[in-house]
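Here the structure comes first, spelled out in structure tokens, and everything after it is commentary.
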Amino acid sequence: MTQFDDSDAFEAAATSSLAARAMATAPQGAAPYMEGLNPAQEAAVRQLDGPVLMLAGAGTGKTRALTARIAHLMATGTARPNEILAVTFTNKAAREMKTRVGALLGQPAEGMPWLGTFHAICVKLLRRHAELVGLKSNFTILDMDDQNRLLKQLIVAEGIDDKRWPARGLGSLIDGWKNRALTPEQVPSADHGAFNNQGVKLYGQYQTRLKELNACDFGDLLLHVIRIFQENEDLLQQYQRWFRYILVDEYQDTNVAQYLWLRLLAAGHKNICCVGDDDQSIYGWRGAEVGNILRFEKDFPGAHVVRLEQNYRSTGHILAAASGVIAGNRGRLGKTLWTDGEDGEKVRLIGHWDGDEEARWVGEEIEAMGHGTRGMDPIGPNDIAILVRASHQMRAFEDRFLTIGLPYRVIGGPRFYERMEIRDAMAYFRVVVSPDDDLAFERIVNTPKRGLGDKAQQTIQRMARSNGVSLLEGARLCVETQAIGGKGGRELRTLVDGLARWRGHLNGGLRAVGPVDDLIDEEVEPVGGQLGMSHVELAEIILDESGYTAHWQNDKTPEGPGRLENLKELVKALENFENLQGFLEHVSLIMDNEQDDQEPKVTLMTLHAAKGLEFPAVFLPGWEDGLFPSQRSMDESGQSGLEEERRLAYVGITRAEKVCTISFAGNRRVYGQWQSQMPSRFIDELPEDHVEVLTPPGLYGHQGGMGGQMRGMGASASPVERDMAGSNLHEKAARADVYNSPGWKRLQARQGQYGTRQPTEAKAMTIDAEAISAFSIGDRVFHQKFGYGAVVSVEGDKLGIEFEKAGSKHVVGRFLVAAGQESGQDDGDVPF
DNA sequence: TAATAGAGAATTTTT
DNA sequence: TTCTCTATTA
């Protein structure tokens, strides 16, 4: 059987009713999907052939143009739905695109089999051609948890101390390589020292192990497909012919592997349209290469570049503020957002004494907005979002909102499918569906506790290995040969029997998956269960009979009931799928749980999670140097890290439609310790004309307790006396009297030590870097827990310290103080 | 083998 | 502060 004897099926699928209908309903010249597009958008829609780069600023109707383009492709008969490859990053984006294309064409867009995320599309491809990379088509996809467990095993097997060299670190190292499309052999020598010189070797072992397990991780999905394309010229050409038009959303977020993948597929016809915004590239840390979008015209000579610059979302002041900030970045393609709407309110800036105060103020402000403040229409909770840099910032707001009874919702917290109970339950399903899924088996053998501890599990391992079978099979052998006796043995027998029985109920849902179905449509014909048990019932039975439900029922911790609730939700989610395997596939690729409830709620989320969203009112708290921009980003990636943070600021501001409020606090509790904070350098980059400095009312409650806190303050500490260059908004905020506080003054004084901050961030960077990583080998340092010691090694922000009392440790630099200065570290400015 | 206590370490963002 | 992991004890 050749690779392509199913091409008839492909052709047949092409005559979709969607395309037919699109053609029929699109009169020449006045296609409905073109209505209301501005000239730039229309240009982007009409330029169907050849490479197109659509530079779409925030709020410029990017999705609008993208979907219209798809509609146009179909309506003009240029491409049939299944000849369009449309890639997104998130499932949400894919879903939205599907819906909107459907809406434009006046009918559900079911016929677009190749609209999906990079990962989903790669899974589809890889299932068809798995054998070309030594996998079976029913390979499992590991999530991070599985990955870490596997890596830990390898690390331990190598005799490496997994405390000092944790699996997670190796995991991210490997992910990084995979993002760059590097196989173990291709890892550059500069990286060979990584992970105690063992990184590359372990990477190789990991890949071997994955193959043995018939599994792959997220990165592999891309890499395997790339390899298949590279090694099978005819196959690649076939797909190049099939995918006649390629569209890519959020192109600025693509990593090297994704870029290579796209380039391979587009190499023939070059009909590739990439949409993105270099100013919104905020995923560099996970491998995204802004360079991809910056380089587009070089990669595809003769590319048409279309700029979408008319903004339909935000007011003039908000746009101006955002533009002012982003202008500080170098290496941009450059866009100028404009609006013909109103100027609206200026961006509001306010400083607070500490983080709690900030949360309190935001809460009050939100309540006030509900009634309509300052002559503005009321803004309800649903229309308000608080966007933070790091998730731990959310706690202060959650606490505050809980006390005042303000309903809120957190987006992007611990994900549903990452919760322990859900992962356990899923592991059961996995073993039932694929009995040789060893990782899943390992997870559940002794969950709930069955008296099968380390020793018993090792016996199973040995049995499996010496017979060359899966762990489950090994376990069965252990039971039969009585290698494991006693209570554990009986329990194990029950488990093994149960798994076999449950598998027997995996009825007619197990349908032969052929390439034909694969190509035509994802929706699968329901195949009635001959044995009369639906997969939902089966799932319930598995959870009950395995004792897992009971395990949580007997649990006396406060989380117990919640976990049971989650399990119920899981079972409910199953109803939307035809069978267990379909569900598992879905879950391994999709990690979002959206539950939209009726009650209006304020949204609390990270800046990253907010990309692509918009709200009438946005709060941007915590604009303090070190927090935002994040110290870590700057330490790890220097100038480019800072620029990415600045893009994050830009993303944050441009989420706002009408009101944007930026705030910062002078003191913040970090890991239970009070720290004084400096206002973010981004605040000084806000164009003054578009910002209004607010004064929080009645802040002057904190009297007394200030004695001795002035220690270390310079004579020129008063913010008013200091002559700083540029438009120092935070200084203005300081003059608003709120900052006549010791913490604030000390900050000013400290800042004074390093001289006036310059507008060029390059300079500011150096200064800060010096201020932070002030340790070198031989320095005597002090650690809160370990006491005094000497620096013996420096690796980035990790320092090796030989402590006088506590022995040698590896510690993060920020937990250290130069000996002799430890007393002034963080006390003294504690409010109250 | 399981439960518990206590230590030790550490905070970004996630398809 | 809070979590996770380890060592200890039952």
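Side chains are part of it too, since the values below use all heavy atoms of this structure and drop only hydrogens, waters and symmetry mates. So you know, we letter chains A, B, ... as the sequences are listed, proteins then strands, and number each from 1.
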Q.
Closest approach to the side chain of Tyr283(A), judged atom by atom: which nucleotide of dT14(B), dT2(C), dA3(B) is it?
A. dT14(B)
Q: May I have the distance from Leu607(A) (atom CG) to dT13(B) (atom P), rounded to whole angstrom?
A: 11 Å
Q | Arg669(A) side chain, from C-beta outward: closest of dT14(B), dT1(C), dT1(B) | A | dT1(C)
Q | Minimum-distance nucleotide to Ser630(A) side chain [options: dT2(C), dT14(B), dT12(B)] | A | dT12(B)
Q: Please measure how far the C1' atom in dC5(C) lies from the corresponding atom in dT12(B), and state the result in whole Å.
A: 23 Å
Q: Could you check Asn292(A), Asn179(A), Leu260(A) and say which one makes a side-chain contact (heavy atoms from CB on, under 4.5 Å) with Asn255(A)?
A: Asn179(A)
Q: Could you pick out which residue, Thr90(A) or Lys487(A), lies toward the 5' side of DNA chain B when each is mapped onto its nearest nucleotide?
A: Lys487(A)
Q: To the nearest Å, give me how far apart CZ (Arg647(A)) and P (dT12(B)) are.
A: 20 Å
Q: State which of dT12(B), dT14(B), dT1(B) makes the closest approach to the side chain of Ala456(A).
A: dT1(B)
Q.
Can you tell whether the side chains of Arg286(A) and Asp175(A) come within less than 4.0 Å, N to carboxylate O?
A. no
(Q) What's the closest nucleotide to the side chain of Ser391(A) if the choices are dA2(B), dT12(B), dT14(B)? (A) dT12(B)
Q | Selected nucleotide, minimal atom distance to Ser633(A) side chain, candidates dT13(B), dT14(B), dT12(B) | A | dT12(B)
Q.
Whether the side chain of Arg286(A) and the base of dT13(B) hold a donor-acceptor pair under 3.5 Å is what I'd like checked.
A. no
Q: Indicate yes or no: does Asp249(A) engage Lys62(A) in a salt bridge with an N to O separation below 4.0 Å.
A: yes
Q) With stacking defined as ring centroids separated by under 5.5 Å and planes differing by under 30°, is Trp285(A) stacked against dT13(B)? A) yes
Q.
Between the side chains of Asp253(A) and Lys611(A), is the shortest nitrogen-to-carboxylate-oxygen separation below 4.0 Å, so that they form an ion pair?
A. yes
Q: Among dT13(B), dA2(B), dT11(B), find the nucleotide with the atom closest to the side chain of Arg632(A).
A: dT11(B)
